Enquirer: 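Following this message is one structure expressed as structure tokens.
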Amino acid sequence: MVKGPAATSSDDELPFATEEPIADERLFFGDRPQKPTAPNARTALPASLSAPEHYHGHRERLRDRFREQGDTALADYEILELLLFRLIPRRDTKPIAKALIERFGSLAGVFGAPAALLTEVKGVGENVALDLKLISTVAHRTLKSEIRSKQVLSSWSSVIQYCHAAMAHETREQFRILFLDKRNVLIADEVQGRGTVDHTPVYPREVVKRALELSATAIILVHNHPSGDPTPSRADIDMTKVIIEAAKALDITVHDHIIIGKDGHVSLKGLKLI
């Protein structure tokens, strides 16, 4: 960021002074106070500040397309551009949006990526990464609200959408349990454990104990495969059967065990494995 020249009584232009860089890239181009100049003093501006940036017209055209035709008229990177306009107001965000999509594979991949990995993309600082994760959290909460206070088994597609949004792009395995009451309404949704890229420790006794604490009469088990392939392993199947037996003794039903991958999911009940 540069300051305007100090007032001078001559017609000679003074060189611009630079300031220390600002840590938050979103604030770099924000409105900042300028030093007053004396009346009738001539102020010289660099060409980059006296003329609109080349991307300004592009931004307006993109907004017009979205306004008039909706999201179907835009590619994923263009949707991301529209969002980045707000987060990084005075930069050409098209290259950043394209780099994010290329790095993480899809729009869902961008929002599911850890903040630390987002900042590895040139142009994305810690604050922009945090804002992207905040937007991701809003989306997760919205999907979760779709299944809260509803009979989960009659809202199965919403359950899958929520689990996929919450877990598909996790870099480590995560074991989640949906606890239901006698009407199959969601009581609680809890992550019971996090593991490595290919393993999560699960303790059947702790699963049943938590269900009793919540007065749940049924549960749905969910975990993700960071590899992207949701195919169940023999260990997945055996562990599920142990939990089913432990829960049955206390009149707790295990409706299903869902495995989430990046591009799909598998139901052990659907495969007739339980």
Side-chain angles (χ1 to χ4, degrees), residues 66 70-76 79-80 83 101 104-113 132-194 200 202 207 210-211 214 216-233 236-237 239-241 243-244 247 252-274:
F66 181 71
D71 67 286
T72 56
L74 303 179
D76 280 358
I79 293 290
L80 190 53
L83 176 60
I101 296 291
F104 299 107
S106 66
L107 199 56
V110 172
F111 287 109
L132 290 173
K133 296 309 299 179
L134 176 60
I135 294 165
S136 175
T137 298
V138 171
H140 293 171
R141 295 287 180 90
T142 300
L143 289 171
K144 189 173 183 178
S145 69
E146 292 295 312
I147 61 174
R148 191 180 295 278
S149 301
K150 294 182 180 179
Q151 288 191 342
V152 168
L153 299 184
S154 62
S155 306
W156 196 247
S157 61
S158 296
V159 172
I160 298 301
Q161 288 176 5
Y162 166 68
C163 292
H164 192 274
M167 304 173 69
H169 298 281
E170 288 287 329
T171 56
R172 296 186 300 163
E173 277 202 11
Q174 184 183 99
F175 183 69
R176 180 183 297 263
I177 305 176
L178 306 182
F179 297 93
L180 314 177
D181 66 13
K182 62 183 179 181
R183 296 180 297 121
N184 288 321
V185 171
L186 184 68
I187 298 173
D189 160 34
E190 297 182 353
V191 175
Q192 295 292 300
R194 291 181 172 87
T200 303
V202 177
V207 172
R210 185 57 179 157
L214 294 170
T217 59
I219 58 176
I220 297 172
L221 311 176
V222 191
H223 85 278
N224 64 309
H225 281 178
S227 67
D229 181 4
T231 303
S233 66
D236 293 336
I237 298 168
M239 175 268 292
T240 305
K241 290 180 177 179
I243 293 177
I244 289 173
I252 298 171
T253 302
V254 178
H255 284 309
D256 205 345
H257 184 171
I258 304 166
I259 302 176
I260 301 291
K262 286 186 174 67
D263 299 315
H265 73 281
V266 163
S267 159
L268 267 64
K269 186 173 184 179
L271 293 177
K272 302 185 184 305
L273 295 173
I274 58 174

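What you see is a predicted model; the values in this text were computed from it and never measured.
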Enquirer: Got a second to check how far I252's CD1 is from T217's OG1, nearest 0.5 Å?
Expert: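 I252 atom CD1 to T217 atom OG1 measures 8.0 Å (nearest 0.5 Å).
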Enquirer: Mind jotting down which residue pairs meet the ring pair (Phe, Tyr, Trp, His ring centres under 6.0 Å) criterion with at least one end in residues 253-274? Sequence neighbours excluded, please.
Expert: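 Qualifying pairs, neighbours excluded: H223-H257.
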Enquirer: Compile the donor-acceptor pairs under 3.5 Å between side chains in residues 267-274 and protein atoms, sequence neighbours left out, one pair per line.
Expert:
residue : atom : partner : partner atom : Å
S267    : OG   : D256    : OD1          : 3.2
S267    : OG   : D256    : OD2          : 2.5
S267    : OG   : K269    : N            : 3.3
S267    : OG   : G270    : N            : 2.9

Enquirer: What pairs meet the salt bridge (charged side-chain N to carboxylate O under 4.0 Å, His left out) rule with one or both residues in residues 152-181, with sequence neighbours excluded?
Expert: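 Residue pairs passing salt bridge (charged side-chain N to carboxylate O under 4.0 Å, His left out), neighbours aside: R176-D189, D181-R183.
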Enquirer: For E190, which residues count as a side chain to side chain contact (heavy atoms under 4.5 Å, CB included) partner, sequence neighbours excluded?
Expert: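 Scan of E190 (side chain to side chain contact (heavy atoms under 4.5 Å, CB included), adjacent residues dropped) gives F179, A188, Q192, R210, L214.
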Enquirer: Between S136 and L132, is there a donor-acceptor pair closer than 3.5 Å when you use the side chain of the first and the backbone of the second?
Expert: no
Enquirer: How many angstroms lie between CD1 in I160 and CG in L143, if you round to the nearest 0.5 Å?
Expert: 12.0 Å
Enquirer: What distance separates K133 NZ from F111 CZ, expressed to the nearest 0.5 Å?
Expert: 9.5 Å
Enquirer: Would you give the length of the straight line joining atom CD1 of I259 to atom CG of D236, rounded to the nearest 0.5 angstrom?
Expert: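 Rounded to the nearest 0.5 Å, the CD1-CG separation comes out at 4.0 Å.
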Enquirer: Using the side chain to side chain contact (heavy atoms under 4.5 Å, CB included) criterion, which residues pair with A113? Sequence neighbours excluded.
Expert: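 For A113 the side chain to side chain contact (heavy atoms under 4.5 Å, CB included) partners, ignoring immediate neighbours, are F104, L118.
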Enquirer: May I ask you to decide if Q174's main-chain N or O and N224's side chain share a donor-acceptor pair within less than 3.5 Å?
Expert: yes
Enquirer: Please examine the side chains of Y162 and L186, heavy atoms only from C-beta on, and report whether any two atoms are closer than 4.5 Å.
Expert: no
Enquirer: Which residues pass the side chain to side chain contact (heavy atoms under 4.5 Å, CB included) test with S227, not counting sequence neighbours?
Expert: H225, D229
